[in-house]
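Values reported hereafter were calculated over all heavy atoms of this structure, with side chains retained and with hydrogens, waters and symmetry mates removed. For clarity, every value in this text was computed on a predicted model and none was experimentally measured. Proteins get letters first, then strands, A, B, ... in listed order; numbering begins at 1 in each.
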Protein chains: 2
Amino acid sequence: MIHKLIDYIELYTALSVAEKEDLKELVEIRQFEKHAVIFREGQISTDIYFVLEGCVRLFYDVDGTDKTAFFYTEGQFICAGESYTFSKPAAENYEVLENSTLCIFSKKTIEKLMQRSIAFENIARIAVENELLTAQRIIASFVTQSAEERYTDLLKNQGELFLRVPQHYIATFLGVSPETLSRIKQRVTRR
Amino acid sequence: MIHKLIDYIELYTALSVAEKEDLKELVEIRQFEKHAVIFREGQISTDIYFVLEGCVRLFYDVDGTDKTAFFYTEGQFICAGESYTFSKPAAENYEVLENSTLCIFSKKTIEKLMQRSIAFENIARIAVENELLTAQRIIASFVTQSAEERYTDLLKNQGELFLRVPQHYIATFLGVSPETLSRIKQRVTRR
DNA sequence: GTGATTTCTTGACGATCGTCAAGGAGATGT
DNA sequence: ACATCTCCTTGACGATCGTCAAGAAATCAC
């Protein structure tokens, strides 16, 4: 299963035999069942996750209602940034939406990997940069587009999400209520 | 003037004498007048900027209307990420809102700095990570808060912005039209 | 397969929003 | 000081949105 992680990494950087061995030795792989919460608000995050198979959502609990802010699928790193970097309680939750297989990188594992090879530092840097680009695209979409435009763009660019994920989660990701997304769909398909 | 850059950097990492000399030698400092556009959409970005004094906004031109997505003030790095990393035309513009003093790091300068000391790599990493945290906070605010809540939070956390920046720019940053921000202000102060 | 649970849709209604337009206030330049 | 320009406010109106509630559809568990 770890070979999948290696495959994803080698999309960016080739790894030496020793580096691959390091990963096999240090990285934990764990299965999560649908609906499992891998990380809950209030906890202090000491791990970074990587999605090998499946799908995870980031959500906030706002006065008892559920607001999902992001979906992570195969090939993406998951990190509760604020909590991880400052060792303070997280404000967000992460829930597995399908039976999923994740890599778990503990802080110690990451330290060891960084020490053993600069390749792992580069990978970390690229991962963070990619996340930043994604985040900035999302902000741009909130500032420059209507909810309807965000919906049609998501359909075009990540249409698979609609097949994998309940729509009311996608609704809040787009910044609207589930009822509104239902009506936007109706409005759009009627054209 | 370069000492200001050094002061900001040393909030995170102490610099050796040699490293400070590297910065003095390689980093360009330039003055920009209010309303100057330091970078326009369609251009390919080869520089990273750092705000020593003043204020810059990132904005998109959407069908002729202006949507500002972010404000950069003293101590922040400015980088047109997509354009810089993939050498493709940028979709966004950067405009100076006050007479400002910026550092300019060309790609070559950055390469040289990275070669000369690992400290500069660490600084780059921390800067990117900070930007990511900020971006994720903004996304969370769009997903979990109303426009009015985003307004009151901005007032509490970055109230100086309202003294430095025209309100119609802040409006689109909050995701609403200038008229709506005006009415939100009225609504809020009436309580 | 049947019942239970979850998810999606639809209706109604009040709140909020964007847009167009006009007017006023403040800053700027000469 | 005056005219100009930019920015902010206010009004009106139609569009969109959130919420509450009910019902339909799909999914899940046994």
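Note: CD (A:Glu33) to P (D:dA29) measures 10 Å, nearest angstrom. For A:Glu148 and C:dG18, the CD to C1' distance is 14 Å, given to the nearest whole Å. Summarising the geometry, the separation between CG on A:Asp66 and P on C:dT6 is reported as 13 Å, rounded to the nearest angstrom. As a whole-Å value, the separation of B:Ile184 CD1 from C:dT16 C1' is 9 Å. Per the geometry, CG belonging to A:Leu181 stands 12 Å off C1' belonging to C:dT7, to the nearest Å. The nearest whole Å value for the distance from the CZ atom in B:Phe142 to the C1' atom in D:dC17 is 16 Å. For the pair B:His35 NE2 and D:dT6 P, the interatomic distance rounds to 8 Å; values are reported in whole Å. Rounding to whole angstrom units, CD of residue B:Gln145 and P of D:dG18 are separated by 15 Å.
Residue A:Arg40 qualifies as open at atom CZ: its count of foreign heavy atoms under 6.0 Å is 12 or below.
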Checklist line | Sugar-phosphate or base contact per nucleotide [nucleotides 19-29 of chain C; S, B, -; heavy atom under 4.0 Å] | finding: BB---------
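An OP1 or OP2 oxygen of D:dT9 is reached within less than 4.0 angstrom by no side-chain nitrogen or oxygen of B:Arg187. For D:dT10, one of the phosphate oxygens OP1 or OP2 lies less than 4.0 angstrom from a side-chain nitrogen or oxygen of B:Gln186.
Annotation: B:Phe71 is not in aromatic contact with B:Phe59 [ring centroid separation under 6.0 Å not met]. Centroid-to-centroid, the aromatic rings of B:Phe50 and B:Tyr8 come within less than 6.0 Å.
The aromatic rings of B:Phe77 and B:Phe105 sit tilted, their planes meeting at an angle between 30° and 60°. The aromatic rings of B:Tyr72 and B:Tyr94 are tilted relative to each other, their planes meeting at an angle between 30° and 60°.
Clustering ILVMFWY residues whenever any of their side-chain heavy atoms sit less than 4.5 angstrom apart, transitively, puts B:Tyr12 in the very cluster that holds B:Leu113.
Near DNA chain C, meaning a heavy atom under 4.0 Å away, the residues from residues 157-176 of chain A are A:Pro166, A:Gln167, A:His168.
Using a 4.0 Å cut-off between charged side-chain N and carboxylate O, B:Lys20 and B:Glu10 make a salt bridge.
In this structure, the side chain of A:Gln136 does not engage the main chain of B:Ala135 through any donor-acceptor pair within 3.5 Å.
Residues that satisfy the side-chain contact (heavy atoms from CB on, under 4.5 Å) test with A:Ser106, not counting sequence neighbours, are A:Asp47, A:Lys108, A:Thr109.
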